[in-house]
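For reference, the structure discussed in these notes is given below.
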There are 2 protein chains.
Amino acid sequence: MMENEIFRALADPTRRAIFEKLAAGGMNASALREGIDISQPAMSQHLAVLRGAGLVREERQGRFVNYEVDPEGLALIAQWLAKYRAYWPARIEALKVLLKDMDQ
Amino acid sequence: MMENEIFRALADPTRRAIFEKLAAGGMNASALREGIDISQPAMSQHLAVLRGAGLVREERQGRFVNYEVDPEGLALIAQWLAKYRAYWPARIEALKVLLKDMDQ
DNA sequence: ATGACAGATAAGCACGTACTTATGTGATTC
DNA sequence: GAATCACATAAGTACGTGCTTATCTGTCAT
């Protein structure tokens with residue numbers, strides 16, 4: 001089950017930080033390390049977990065590897081979330097923002 | 001940070017199963033155990049984690065404790081997800097379903 | 001080819017997590 | 001008020017996770 005790997009991947013704050021950084025634009029593993037105090041192997045391992053969860057995808061570019069957000073993982077979270085739509089409070093501000101951004 | 005506890009809580013498949021069961025309707029901890037092969041203390045501990053994450057809330061009813069889905073946790077996930085809306089593929093079926101269910 | 005560089009993998013370790021059994025707490029029933 | 005029931009908490013344990021250092025793989029420049 002993919003959900004398992006997705007939520008497990010996002011359960012780690014360092015991985016969420018990496019993902020958030022990638023969401024601002026794809027970049028290679030070394031560039032990703034800047035600003036996040038983490039060793040090279042640790043970064044590599046985190047990226048492997050994110051990739052396994054379908055949250056990130058890689059693309060070899062010479063001797064660099066460019067990473068970017070994989071929409072598939074996000075779509076699966078949206079799908080999971082949709083199952084519980086009955087419980088989403090109708091007038092919460094966050095939801096209104098979400099709706100406005102999506103409905104176009 | 002609440003996100004941390006939410007994703008950590010959902011990273012466990014047993015807890016997701018409990019949450020899913022609660023989403024079908026609130027019930028007490030004993031009723032929740034039916035169908036899920038788990039000891040009473042384990043269930044109690046899982047419910048404590050889900051409650052700490054804002055995914056579930058409790059209500060004492062005599063010597064029973066009724067548990068139900070807390071919309072706040074779900075709203076926070078939606079909020080987190082909304083940050084990455086730029087990456088959501090526009091025509092994925094899951095997303096269309098999500099949109100249809102929300103936009104009313 | 002050789003050295004340098006980007007990144008992955010291996011192995012080991014400290015700590016966290018999910019479970020267990022045992023016991024505690026609060027509410028109900030008799 | 002004693003027994004029982006629903007649930008929480010305590011303590012211990014097996015296993016998972018995230019980190020480290022060391023090493024390997026692949027690509028580029030010279």
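Note that the structure is predicted; figures quoted are calculated from it, not measured. Throughout, protein chains are lettered first and strands after them, A, B, ... in sequence-line order, and every chain is numbered starting at 1. Atom set for the values below is all heavy atoms of this structure, side chains included, hydrogens, waters and symmetry mates excluded.
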### Message
Between C1' on D:dC7 and CD on B:Glu59, what's the gap in Å once rounded to a whole number?
### Response
16 Å

### Rounded distance in Å - CZ (B:Phe64) to C1' (C:dT28)
10 Å

### Query
Does the side chain of A:Leu50 reach to within under 4.5 Å of the side chain of A:Leu22, using non-hydrogen atoms?
no

#### Entry: C:dA6 phosphate, OP1 or OP2, under 4.0 Å from A:Tyr67 side-chain N/O
no

### Query
What integer distance in Å separates A:Asp12:CG from D:dC19:P?
6 Å

### Upstream residue (5' side of DNA chain D) when A:Val49 and A:Arg63 are each assigned their closest nucleotide
A:Val49

### Message
Distance check needed: D:dT17 C1' versus A:Leu50 CG, whole Å only.
### Response
14 Å

### Minimal non-hydrogen separation, A:Ile6 against A:Gly73, with atom names
CD1-O, 3.6 Å

### Difference in axis direction between the ends of the helix from C:dA1-D:dT30 to C:dC30-D:dG1, five pairs, 10°
20°

### Summary
Between A:Glu5 and A:Ala53, the two heavy atoms sitting closest are O-CB, 3.5 Å

#### Entry: side chain to side chain contact (heavy atoms under 4.5 Å, CB included) assessment of A:Leu55 paired with A:Asp70
CA-CA 5 Å; A:Leu55 286 162; A:Asp70 186 346; 5.8 Å; no

#### Entry: Pairs satisfying side-chain hydrogen bond (donor to acceptor under 3.5 Å, both in side chains), at least one member in residues 44-62 of chain A, at least two apart
A:Arg15-A:His46, A:Arg51-A:Glu58, A:Arg57-A:Glu68, A:Glu58-A:Tyr67

### Query
What is the distance from CD of A:Gln40 to P of D:dA22, rounded to the nearest Å?
14 Å

### Query
Closest approach of B:Leu81 and A:Ala78, non-hydrogen atoms and distance?
CD2-CA, 3.6 Å

### Query
For B:Phe7, what residues pass the ring pair (Phe, Tyr, Trp, His ring centres under 6.0 Å) criterion, not counting sequence neighbours?
B:Trp80

### Message
I want to check one thing: is the phosphate of D:dT17, taken as OP1 and OP2, less than 4.0 Å away from some side-chain N or O of A:Arg8?
### Response
yes

### Query
Do any of residues 28-39 of chain B sit with a heavy atom less than 4.0 Å from DNA chain C, and if so which?
B:Ser39

### Query
Looking only at atom types and distance, does a side-chain atom of A:Tyr87 sit under 3.5 Å from a main-chain N or O of B:Val69, one as donor and one as acceptor?
no

### Query
For A:Leu47 and D:dG18, what is the distance between atoms CG and P respectively, to the nearest whole Å?
13 Å

### Task
State which of C:dA27, C:dA10, C:dG7 makes the closest approach to the side chain of A:Pro41.
C:dA10

### Query
Do any of residues 13-23 of chain A sit with a heavy atom less than 4.0 Å from DNA chain C, and if so which?
none

### Task
Return each pair, listed once, that meets side-chain hydrogen bond (donor to acceptor under 3.5 Å, both in side chains) where at least one residue sits in residues 27-41 of chain A; pairs must be two or more places apart or across chains.
none

### Task
Check whether any side-chain heavy atom of A:Glu3 lies under 4.5 Å from a side-chain heavy atom of A:Leu76, and answer yes or no.
no

### Query
How many Å lie between NE2 on A:His46 and C1' on C:dG7, as a whole number?
15 Å

### Query
Would you say the side chain of A:Arg85 lies within less than 4.5 Å of the side chain of B:Leu74, judging by non-hydrogen atoms?
no

### Query
Whole-Å distance between C:dT20 P and B:Gln45 CD?
9 Å

### Summary
CD1 of B:Ile18 to CG of B:Leu32, rounded to nearest 0.5 Å, is 6.5 Å

